[in-house]
S.K.: 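Below you will find the structure I want to go over with you.
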2 protein chains.
Amino acid sequence: MAGALSSITRCNPISHLAFSTSNPKHQLLSRRFTALAMSRSDHSYWSSVHSEIDTHLEQAIPIKPPLVVYEPMHHLAFDAPQTSAPALCIAACELVGGHRDQAMAAASALRLMHASAFIHKNLPLTHRPGTRLTFDRTFGPNIELLTADGMIPFGLELLARSDDPDQNNSDRVLQAIVEISHAMGSQGVMEGLYNELEHDKSDGEEGFPVWWLHNVCRKKEGTLHACAGACGAILGGGSEEEIEKLRSYGLYVGMVQGIFNRFGGNACAWKEVKELRDLALKELKDFDQAKVITISRLVETKVL
Amino acid sequence: MAGALSSITRCNPISHLAFSTSNPKHQLLSRRFTALAMSRSDHSYWSSVHSEIDTHLEQAIPIKPPLVVYEPMHHLAFDAPQTSAPALCIAACELVGGHRDQAMAAASALRLMHASAFIHKNLPLTHRPGTRLTFDRTFGPNIELLTADGMIPFGLELLARSDDPDQNNSDRVLQAIVEISHAMGSQGVMEGLYNELEHDKSDGEEGFPVWWLHNVCRKKEGTLHACAGACGAILGGGSEEEIEKLRSYGLYVGMVQGIFNRFGGNACAWKEVKELRDLALKELKDFDQAKVITISRLVETKVL
């Protein structure tokens, strides 16, 4: 795989750009990728999942007094680019026989974690070589910093509060909290973000070190999606084996998305995406194949 | 109380300084306060508690590979000024009959949360009127930002992992996670930090608005210590009544510490501290009085 990754770094025309899901060019490619990959019924499934997560979050962070707290929290959470990790969490829960309500708090927490990481990635620090203004700066840096700080515990609080003594699921909720807090921590998404930011410093260099793809895509999008798959399976009552399979599936989904967001429609990137897609689909082969079709769309694409 | 607070803002000679526990002048006053307040046996109790929390944290974040992750995590966690909240958490647990091991993970989490908030408060943002360089900047702003980001989920992960199925305490661990994540969030410590940073912008103004003391001391140190008292009681197996009493006790302890750290040895501040001390001690009157002596030292002082 190292060879394939190396070839991407050589022949990708946009490899000098810093990856950002909010980059309009990448968003466009992402949308095309998604549109090609989905049938109408799949699209309707994912739309309903995203819409229910939106509704859940809107109820959790309405714009209400004190406005100084809830206004930026609401806007920054919804303005950040979306990720498919929360939806994967719901789909994984349903795949193992759970009800989507069981994974809704975890999905919302993942969305908040992703938004928090995005905001901090774009924070205007004095020593950064150049801060990308990737979204409208309605709020000052202090508010962006502290609101994003608040999103991390708030997300985990939402999840912890979803514990229902009647369902006797405290252990599973705690397990999901460990998964999310570990994935977001200094050896997960934060490490990927650090690698990405440090990489930006060498923008002038020719090509990228191969490790970038593993240390950014795998750590950032990969870890987040692996965590989403595992959490969905945990909260849906999946077995240990199912949890691990959906964790691995999530890892490959995340890496595909990370690579695709960065390398877009480039043919070299597609080759790598295809390898990861095959690995991903292998993780789904022991599940009910009728149910697998929808979740597998996250790595299926007609352009391959 | 508003009158007393108002008088502090009028007559306090250091009220124009921004509060920071790392300000050497305040540290000195804090140490004097602590030294005067403690008998030798009390001092030995608190020293042993702090030392055990240190040991627990050192084991949780040793300096090990990958050094880019663990070195800053270790140093930034230990270099940040200490707070008495983690020790209060242990003492509250023991006061309700629990063993200190039951509250050690929560105490360590509180220490990490406090360190994270301190680091972000001092982050060099481009739009801040002047960033205080209150501690040695061994690491760059990116590392400070992301390491502190990582500390929040890491602290909650430590706590979630402390769940022991044999003890059947998942519900209490989840309750403590809700307490800490809520306290650290946008209507707790983060709100206090925001108020404090916004206040800094008006440094040139004469005196402070009275609300500052309630909106910074109460929200920041107050909320953190209230959470510490409640978590200790929850994890030690305390009743609802005991939890609420130790939450209130913690609130007053935190406010005393916040006011004292800011207003130091000023006589006006002592008057206010005395009022809060009386309220705090009232919360302890129904506990075993032999056990109460040590924990009450957090607000007892011979200078009153």
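Quantities reported herein were computed from a predicted structural model and do not represent experimental measurements. Order of the sequence lines fixes the chain letters, A, B, ..., with proteins taken first and strands second; residue numbering starts at 1 for each chain.
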S.K.: Which atoms of A/V189 are under 4.5 Å from chain B, going by heavy atoms: the side chain, the backbone, both sets, or neither?
M.R.: neither
S.K.: Please check: side-chain N/O of B/H56 versus main-chain N/O of B/D101, any donor-acceptor pairing under 3.5 Å?
M.R.: no
S.K.: Between chain A and each of B/S116, B/S186, B/P153, count heavy-atom pairs under 4.5 Å; write down the option with the most.
M.R.: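 When all of B/S116, B/S186, B/P153 are compared, B/P153 has the most.
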S.K.: Counting heavy-atom pairs closer than 4.5 Å to chain A, which one of B/E179, B/M151, B/Q187, B/E191 comes out on top?
M.R.: B/Q187
S.K.: Can you find a pair of side-chain heavy atoms, one from A/Y194 and one from B/V69, that are under 4.5 Å apart?
M.R.: no
S.K.: Looking at A/I177, A/D149, A/D163, which one has more heavy-atom pairs under 4.5 Å with chain B than the rest?
M.R.: A/D149
S.K.: Taking the side chain from B/H114 and the backbone from B/P81, do they hold a donor-acceptor pair closer than 3.5 Å?
M.R.: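 Flag set: sc B/H114 to bb B/P81 pair under 3.5 Å.
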S.K.: Quick one: does any side-chain atom of A/S108 pair with a main-chain N or O of A/M104 as donor and acceptor, under 3.5 Å?
M.R.: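 Yes, the answer is positive, given that a donor and an acceptor are paired below the 3.5 Å cut-off.
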S.K.: For chain B, find which of A/T147, A/L159, A/I152 contributes the most heavy-atom pairs closer than 4.5 angstrom.
M.R.: A/I152
S.K.: Just to verify, which of A/K220, A/K219, A/R218 counts as forming a salt bridge (charged side-chain N to carboxylate O under 4.0 Å, His left out) with A/E196?
M.R.: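 It is A/K220, the one option of A/K220, A/K219, A/R218 that forms the salt bridge (charged side-chain N to carboxylate O under 4.0 Å, His left out) with A/E196.
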